[in-house]
Amino acid sequence: RKEVEQDPGPFNVPEGATVAFNCTYSNSASQSFFWYRQDCRKEPKLLMSVYSSGNEDGRFTAQLNRASQYISLLIRDSKLSDSATYLCVVSPNTGGFKTIFGAGTRLFVKA
Amino acid sequence: DAGVIQSPRHEVTEMGQEVTLRCKPISGHNSLFWYRQTMMRGLELLIYFNNNVPIDDSGMPEDRFSAKMPNASFSTLKIQPSEPRDSAVYFCASSPTGMYLRPGNTIYFGEGSWLTVV
């Protein structure tokens, strides 16, 4: 089993749609969680951190389920500009484990 | 503020040639990472430096790859000799908090060096 797993997609959605991505992780020592966004032929950039109680940033909502070891990202009212690859990132709180980037989920938002 | 700066942005080289990629991390960050990204394998950590010292190089593919960080503001990743399977995007990244990321202190990537070995 991979340490961090994401559905690769692609997700093809129309503008205005709501879309959700999940990411599962295997290391229970994981402490911090993030979603990064990567545009085509660009570097990954931080989209948002994921807090235990869940958090929103505009149209984006991130949630964490420690018991089931997954994080999610919900995008409401999708825009064409949301088309990108979304990487989940899991970071441990102890030595011996690495920060792991998921392989990413590709999203295409169509007009 | 300047971000992570990488050079060259693009390089095409012939198999067997030496390739040197360069990176200037964000000032004040004590950790530097070299990642490789391909369609098949995603984003892979090659090596991680903390305070200029290599901490984890378990991701370096083989002896053809080497990395140095002679000071806090400069690092190189060298491939010698290069092979076609080394073709990838190589990202340098830096962080103020080391390998263990926290909200508000995460990892910042350079724009990448796009390497093609023919």
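Just so we're on the same page: letters track the sequence lines, and every chain starts at 1. A quick note: this is a predicted structure, and the numbers were derived from the prediction, not measured.
A 6.0 Å sphere centred on CG of B/N71 holds more than 12 heavy atoms belonging to other residues, nucleotides or ligands. More than 12 heavy atoms of other residues, nucleotides or ligands lie within 6.0 Å of CD in B/E62, so this atom counts as buried by the packing criterion. Shown here is A/Q63, whose CD atom has no more than 12 heavy atoms of other residues, nucleotides or ligands within 6.0 Å. Other residues, nucleotides and ligands contribute more than 12 heavy atoms inside 6.0 Å of the CZ atom of B/R9. When the shell of 6.0 Å around CZ of A/R37 is examined, it contains more than 12 heavy atoms from other residues, nucleotides or ligands.
B/F33 and B/L77 are members of different hydrophobic clusters when ILVMFWY side chains are connected at heavy-atom separations under 4.5 Å. Residues A/V19 and A/M48 share a hydrophobic cluster, clusters being chains of Ile/Leu/Val/Met/Phe/Trp/Tyr side chains in contact below 4.5 Å.
Contact between B/W114 and A/K42 at its shortest, heavy atoms only, is CZ2-N, 4.5 Å. The shortest non-hydrogen separation linking A/P44 to B/F109 is O-CD1, 3.5 Å.
Of the inter-residue distances, the one linking B/L45 atom CG with A/I100 atom CD1 reads 8.0 Å to the nearest 0.5 angstrom.
No hydrogens or angles considered: nothing links the side chains of B/Y48 and A/T99 as a donor-acceptor pair under 3.5 Å.
With a 4.5 angstrom heavy-atom cutoff, B/Y35 touches chain A only via side-chain atoms. With a threshold of 4.5 angstrom between heavy atoms, A/F33 does not approach chain B through any atom at all. Contacts of B/Q37 with chain A are made by side-chain atoms alone, with heavy-atom separations under 4.5 Å and no backbone atom involved.
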Given the rule in the side-chain contact (heavy atoms from CB on, under 4.5 Å) test, do A/Y36 and B/L43 qualify, once you have shown the distances and angles that lead to the verdict? CA-CA 12 Å; A/Y36 271 67; B/L43 200 60; over 6 Å; no

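Between chain A and the options B/V4, B/L101, B/D56, the largest number of non-hydrogen pairs under 4.5 Å is found for B/L101.
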